[in-house]
Number of protein chains: 4
Amino acid sequence: MPRPNVEAERREQILSAACVVLAEVGLQNLRLAQVAKAAGVSSGTIHYYFETKQDVVSAAFEFNMSNSLERRQSILASEQNPLEMLQELVESYLPADSRSLQAWRVWAELWAEGMRLDPLQEVNERLYGQWRDIVTDVLRAGQRQGLVKEGDPVRFANMLVGMVDGLAMQVLLHSPNMDLKNMRETCNALIGLFAAR
Amino acid sequence: MPRPNVEAERREQILSAACVVLAEVGLQNLRLAQVAKAAGVSSGTIHYYFETKQDVVSAAFEFNMSNSLERRQSILASEQNPLEMLQELVESYLPADSRSLQAWRVWAELWAEGMRLDPLQEVNERLYGQWRDIVTDVLRAGQRQGLVKEGDPVRFANMLVGMVDGLAMQVLLHSPNMDLKNMRETCNALIGLFAAR
Amino acid sequence: MPRPNVEAERREQILSAACVVLAEVGLQNLRLAQVAKAAGVSSGTIHYYFETKQDVVSAAFEFNMSNSLERRQSILASEQNPLEMLQELVESYLPADSRSLQAWRVWAELWAEGMRLDPLQEVNERLYGQWRDIVTDVLRAGQRQGLVKEGDPVRFANMLVGMVDGLAMQVLLHSPNMDLKNMRETCNALIGLFAAR
Amino acid sequence: MPRPNVEAERREQILSAACVVLAEVGLQNLRLAQVAKAAGVSSGTIHYYFETKQDVVSAAFEFNMSNSLERRQSILASEQNPLEMLQELVESYLPADSRSLQAWRVWAELWAEGMRLDPLQEVNERLYGQWRDIVTDVLRAGQRQGLVKEGDPVRFANMLVGMVDGLAMQVLLHSPNMDLKNMRETCNALIGLFAAR
DNA sequence: AATGAATGAGGCTTCATTCAT
DNA sequence: CATGAATGAAGCCTCATTCAT
C-alpha cells in the first residue's frame, strides 16, 4: 500500500534539486548523478520518475517558472496603488536574494536551450505569458484610475517585462555598469514614463 | 611558398564554424568533431589551434560579438537625426535575417554560460559596453539637438538596450505574443517616450 | 478460503509467460519486468517464487521441454504401423503452428545457453533422451514387424532426431531452401531409407 | 599518412576476439569491454570501427561463418572419391578441436539470435547455402561415377547437413548418448545409406 | 501472498584529447 | 601544418534485486 503522494513528493524533491544544480553549474555541466546526490536519492530513482535526462531538465524548467509565479501572488493581493504595485513587482524580480538568483540562472538556461526545443518554448509561453498578463492587468487598473497614461497596456507591459529581462541578464553577468540598484532605478524610470502627466 | 597568416585564416575559419554550430545545436550539444566538419578541417587541426574545447568556445563568443558590432558602424556614419538613428540601430539588431539570428543565438549561449565564467563576463562587458556607449552617444546628440528629453542619457541607453535584449529573447523563443513587428514597434514606442515634448 | 496450490499455479503462470517472452525476444533480451507483465504479476512476485533470473530461465527451459513431450503421447497410443508412426512423430515436431514455433525457439535458446551451463545440459539430456527413446522403441517395433531394415535402432533414432533438429533450425531461420514442406519430405526420405528392402 | 589496411587489420582483430568471447561466454554475457581486452585494444577503438554492439556481433557471426567455409576448400581440392570426400567433409565439421568447437558455439548463438534478426538470417543463408552446395556437388559427382544411388542430390545434401547440425548440438551439450565417435559413425552410416547398392 | 518503490552496480556509448606519421 | 587513428574517462541509462508495507 503506497503512501499517498510519494510520487508527487519525490518528483518535487528531484526537480528542486535539479534547479539548484542547474543554477550552479549550467545545463552543459549538469550531471544526473549530481542531481541525484542533491536530491538525496539514487541515480536509479531519477530514472524511475523520469525517462531521460532531457525530461528531468524540461520538468525542472517548468518547475522553476511556476514556482517563480507563485511568489508574485501576494503582491497582487495587496492594497497598493497600481504604480506602486508595478514597482513591487519589479522589486520582487530583481536578482537580489539567492532564491531569485537561482531562478534567473535557470531561466537563462531555459532561454538558451528553448531556442531549439519546442516543448520548452511552450513552457516559456505558458508561464511567461501569465507574468505579462499580470503586468498588463495592473497597468490597465492604473489607466482606469487615471494614474497611467493612455496607450496599449499590453505594449507597456511588454516594454517593462522585456526591460526587466534584459537588465537582469547584465546584472547576472556582473556588468560593472548594471548593478542591482541601477537596475531598480532604471526600471522605475520606465514606470515613471508610464505615469500620467 | 606558404601564404602569410595561414594561421589567422584557419582560426577564423574554425571560429566561424563554431558560431554556426553553436547557434544550431547550442553549447550543450556542441561537439568539436562537428565544428571540425563545418570548418572543413580535421579534429586534430582544431586542437592545433586551440588548447581546449573551452578555448574554442570562448574565442567563438568573442568572435561573434566583435562581428556583431562591426555591422553597426555604417549606421553611425549616416546623416540621419538621432531619433531616426536609434530606430535604425534597433532595426539592425532585430533577429530578422539568418545572420542576425545566428548572432542572437550565440549571444544567448554566452549569457547562460557567462554567468559562471569570469572570462566570458569580460567578453560581454567589453563588447556590450561598446554597444551601450554607441546608444548613449546618439541619445546625447539628440539631447543637444533638443530632440530627446532631459535626463541621464546612460539611463536611457540602458533602458533601450535592456529592452531590446529582453524582447529579442521572446522573439527567438517564438512567443506568439512577440514577433518581429511587435518588437520593432515596442522598441520604437520607447524611443517615442524619449522624444522631447 | 485459500485455494490449495496457489503457489503451483503462480509458478506455472510465470514460467509460461517466461517461455512466451523467451521465444519472442530471446534470452539476451529477456527482462524479468517483461515476464512479470506477461504473467500479469508484479516484478516482486517473480522474486517471491524464484531466487534469481537464472532460476526463472532454467525452470522455463524445463517447463518448455516437458510440455513438448506431453504432446507426443497420443501418437504412441495410436494403432498405426511403426513407419507411419515415425512420420506422425516427425509431423508433430515440425515448427508449423505457433505453439510448436515457440517451443522450438525456446529450445534454440536452451542449446546456445546449455553449452556453458551443466544444469541445462541435464535438462536437455533428461527430456531429449526420452524423445530419442521413443523413436528408438518405434524403430525397434518396426524391426520386429520386418518393416524396418536391420541395424542398430538407437543409431537410426539418432539419425532421425538429429536430422529433425538440424532441419528445424533452418526452417526457423527462414532459409529459402528449407521450408516446412521440404523438411517434411526430407525427413520422410530418411524414414524411407530405414524401410526394409 | 595511414598505413595501408590498418582498418581491415583492426577489424579482423576485433572480430576474431569477438568470436573467442562469444564462444566462451555466449551472446547474453558478451561485454564489449571483454572483447576489447581480448583484442588488445581500448573500448573506444571498438566503437571507432563499429557503431554498436549489435554491429560487432553481427559482423562476428559473418566472420565466423566465412572462416569456417575457408577451411573446407582444401578437401575439395583433394583427389579422393566422392564418398570419401563426404566423410572427410563431415570429419572436418566435427566439433573436435578447439577451433571447431569455438566455431560451433558461435554458430549456436547465431541460430538462436538469427531467429529474430533478418540480417543474421541472410548471413546464415549466404554461407550455409554454400556449405549445402558443396555437399550437393560432391554427391552429384558421386552419382556420375555410379557411387551414389539415384535421387535428388539436394535432398541428400540437406539430409546430411541437417543431421550434422543436429548431432553436433548434442555433442556440444555433452549428451552421454552422443559423443564425437558416435557422431562420426552416425553420419557415416547415413553416407553408407547413400551408397549405390 | 504480493506489491512496487527504490537501489546501485555495471554496461554501452560518447567525445575531448593525444600523438605518431 | 595537418591528419585521423586511438584512447579512456565519464555519463546516461538499464535492470536484477531488495524490502518496507
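The shown structure was predicted, so the numbers you read here are calculated from the model rather than taken from an experiment.
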Between [X] ([atom1]) and [N] ([atom2]), how many Å, whole number?
X	N	atom1	atom2	result
B/Gln28	E/dT14	CD	C1'	14 Å
C/Glu7	E/dA2	CD	C1'	12 Å
A/Tyr48	F/dA16	OH	P	15 Å
D/Arg11	F/dA6	CZ	P	13 Å
B/Ile14	E/dA16	CD1	P	14 Å
B/Lys37	F/dT3	NZ	P	15 Å
C/Glu9	E/dA1	CD	P	13 Å

Nucleotide of [options] approaching [X] most closely (side-chain heavy atoms):
X	options	result
C/Arg10	E/dG8, E/dA2, F/dA16	E/dA2
A/Val6	E/dA2, E/dA6, F/dC12	E/dA6
C/Ser42	E/dT3, F/dT14, F/dG8	E/dT3
D/Leu32	F/dC12, E/dC12, F/dT18	E/dC12
D/His47	E/dC12, E/dA6, F/dC15	E/dC12

What does B/Phe50 touch in the nucleic acid at a heavy-atom separation under 4.0 angstrom: a base, only the sugar-phosphate, or nothing? nothing

Using a 4.0 Å heavy-atom cut-off across all strands, classify B/Leu30 as base, sugar-phosphate, or nothing.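 Sugar-phosphate, no base atom in range.
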
Assert: residue with more 5' nearest nucleotide on DNA chain F, out of D/Val41 and C/Asn29, is D/Val41

Counting only Watson-Crick or G-U wobble pairs whose two distances fall under 3.5 Å, which nucleotide matches [N]?
N	result
E/dA20	F/dT3
E/dA1	none
F/dC12	E/dG11

Under-4.0 Å salt bridge between D/Glu62 and D/Arg11: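 No salt bridge links D/Glu62 with D/Arg11.
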
Any side-chain heavy atom of B/Leu101 sitting closer than 4.5 Å to one from B/Leu172? yes

Would you check if B/Leu117 and B/Gln54 make a side-chain contact, meaning some heavy-atom pair closer than 4.5 Å?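 Touching, per the 4.5 Å side-chain cut-off.
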
Sorted by position of nearest nucleotide on DNA chain E, 5' first, the leading residue of B/Gly44 and A/Ile46 is A/Ile46

Starting at the 5' end of DNA chain E, which residue's closest nucleotide do you reach first, A/Gly40 or C/Tyr49?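 Per heavy-atom nearest nucleotide, the more 5' residue is C/Tyr49.
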
What's the shortest heavy-atom distance between C/Val35 and C/Ile14, and which atoms? CG1-O, 3.9 Å

What closest approach, in Å, do D/Leu110 and D/Phe61 show between heavy atoms, and which atom pair accounts for it? N-CE2, 3.4 Å

Would one find more than 12 heavy atoms of other residues, nucleotides or ligands at under 6.0 Å from atom CZ of D/Arg126? yes

Can you check whether C/Ala39's main-chain N or O pairs, donor with acceptor, with C/Gln13's side chain at less than 3.5 Å?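 Such a contact is found between C/Gln13 side chain and C/Ala39 backbone.
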
Where along residues 51-58 of chain C does a heavy atom come under 4.0 Å from DNA chain F, residue by residue in number order? C/Thr52, C/Lys53

Distance-only polar pair, side chains of B/Gln102 and B/Arg105, donor-acceptor under 3.5 Å: no

